[in-house]
Amino acid sequence: MIHFENVSKRFPGGHYGVSNITLNIESGALAFITGHSGAGKSTLLRLIALLERPTRGQLLIDGRNIGRLPEKEIPAHRRKIGLIFQDHRLLNDRSVFDNVALPLHVRGFPVREVGKRVRASLDKVGLLKKEKVLPITLSSGEQQRVGIARAIVSRPPILLADEPTGNLDPELSREIMDLFLAFNQLGITTLIASHDLDLIKKLGRPVINLQQGELT
Amino acid sequence: MRVTLSARISAWIDQHQRSAYSSYMEMRRRPLAAMMTLLVIGITLALPASLLSLLKISQTLTGDHQQNASISLFLKNGIVDQKALRVAADLEQQPQIDHVELLTSADAMEEFRSHSGFGDALDALDDNPLPNVLLIHLTPDNSSIDIRKLAAELKEESVTDSIEYDQGWIERMQAITQAIRRAVQALGFGLGLAVMLIIGNTIRLEIMNRREEIEVTRLVGGSDDFIRRPFLYIGLIYGLFGALIAWLLVSILLMLVSGPLGRLAELYDTAISLSAFSLHALLLLIPIGISFGLAGAWLAVNRHLSSINPE
């Protein structure tokens with residue numbers, strides 16, 4: 001599903017985000033990416049979502065080399081991916097419902113379908129009753145769950161989460177991870193960057209460890 | 001997912017409605033700023049539009065007058081009434097001439113006596129000094145060149161003493177209005193550009209304000225078209241409402257000048273309907289407002305949108 005072949009990302013100025021990564025992630029897998037801050041966890045995820053382009057090597061997703069994907073095709077590529085961020089990246093001027101509905105709107109879903117899917121998605125993360133409130137009125141854990149609802153609402157084949165539990169206490173972190181495990185059960189290929197090593201150990205899933213941009 | 005065509009169309013309509021509505025709400029959020037921008041656009045558009053309206057009115061006045069253009073042909077002394085009538089009948093054969101009226105010297109004297117107040121003085125004259133006159137009424141579709149040519153021909157007629165026609169000032173008037181029209185068009189073009197820039201700048205600010213929304217939309221796979229759409233709608237809305245304000249201003253102006261204009265029209269023996277000009281201005285302003293609005297938005301969006309990419 002996701003295949004890195006000697007992929008490097010060199011930033012202007014000479015600093016490497018990741019260097020010479022070769023990695024294969026099977027369809028339907030769930031893996032953690034660990035490492036210190038600055039080890040390249042985020043860069044790895046950003047490469048997959050084409051928020052960065054690799055400077056060297058081949059990055060195949062679904063058998064397609066996305067390194068050279070034309071700008072125009074980037075939106076279509078991103079629609080295959082649900083993205084989750086540590087800082088949620090919710091829009092605070094609109095309701096929880098509208099935040100979660102955004103990925104469906106950009107895909108041109110019919111209105112009725114949007115309502116059904118958004119509520120199904122909010123139900124999965126346990127926030128069905130909060131659809132009308134503004135995200136800013138929610139707790140950090142709840143906001144993160146809104147972010148997750150937004151990422152899964154369009155049922156993408158790939159889910160990428162960058163430090164999704166970074167700001168949460170252990171109990172909430174566990175809840176969030178359980179959500180990811182549940183979505184993975186449905187066949188979504190999931191990559192989670194995290195430095196919550198204790199929690200990761202408990203979950204017993206494959207771990208990709210990065211150090212200074214390289215696999216260890 | 002299977003999507004039927006009708007569902008696709010309704011989704012498309014829904015997307016546009018959502019974009020238009022969100023643009024409208026965005027403007028509502030800063031009503032004062034939006035109102036000021038609209039006023040600026042309205043005034044800017046109203047200036048050339050009202051000038052064009054006034055021009056059109058003046059053209060209607062002179063145009064109507066030209067339809068009644070006539071040539072006075074003063075017959076030589078000694079051309080008696082019978083002969084004058086024959087000449088008149090001959091002239092009526094000509095295609096440019098609608099009909100010919102004979103004003104005999106006696107008629108002319110009578111008219112002069114009653115209008116001039118020199119009645120007593122005229123009584124002192126031994127005989128009538130006034131010539132017979134043929135009032136030649138022309139058909140309406142003569143150009144000023146036609147009229148001038150006809151006048152030259154008539155002047156050569158053996159019966160003609162002299163001729164007079166009031167073409168001169170009409171021609172001058174037409175030349176002046178033509179020049180003014182050009183100037184107004186150029187002014188309108190310049191002010192149209194100004195409107196485009198005003199709207200473009202407004203959209204630029206709007207894009208900066210909604211930076212985060214644009215970034216997040218890109219993150220979830222929103223295409224450029226999708227991101228562009230609400231901003232184009234803002235341009236369209238500004239253009240449309242700006243045009244409506246301009247129209248309101250033009251209508252007020254027309255109302256203000258309707259009194260004097262009505263009297264002027266009376267003098268020209270024509271009636272002018274200001275509502276027709278008002279409607280004309282509306283039909284002109286709306287497409288112009290919308291297209292300048294869209295063009296300004298398009299420019300701003302293409303310039304600034306590509307610079308916003310998610311972190």
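Nothing here was measured: the structure is a model prediction, and the numbers come from that model. In what follows, every heavy atom counts, from backbone to side chain, and hydrogens, waters and symmetry copies are set aside. Below, chain A is the first sequence line, B the second, and so on; all start at residue 1.
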Under 4.5 Å to a heavy atom of chain A? For B:R218 that would be both
Okay, A:R46 and chain B: the region with an atom under 4.5 Å from a heavy atom over there is side chain
The interface call for A:I74 against chain B, heavy-atom contacts under 4.5 Å, is neither
So, A:K9 side chain and A:R53 main chain: donor-acceptor pair closer than 3.5 Å or not? yes
Honestly, the part of A:R112 sitting under 4.5 Å from a heavy atom of chain B is neither
| said: For A:S139 and A:E142: C-alpha separation, side-chain torsions, deciding distance, then whether side-chain hydrogen bond (donor to acceptor under 3.5 Å, both in side chains) applies. | reply: CA-CA 5 Å; A:S139 72; A:E142 285 172 323; 3.3 Å; yes
| field | Flag, side chain of A:D162 to backbone of A:F85, donor-acceptor distance under 3.5 Å | value | no
Is it true that A:H15 and A:R10 share a donor-acceptor pair across their side chains at a distance under 3.5 Å?
no
Of B:V216, B:I13, B:N309, the largest count of non-hydrogen pairs under 4.5 angstrom with chain A goes to B:V216
- Task: Anything under 30° is parallel, anything over 60° is perpendicular, the rest tilted; go ahead and classify A:F183 against A:F180.
- Result: perpendicular
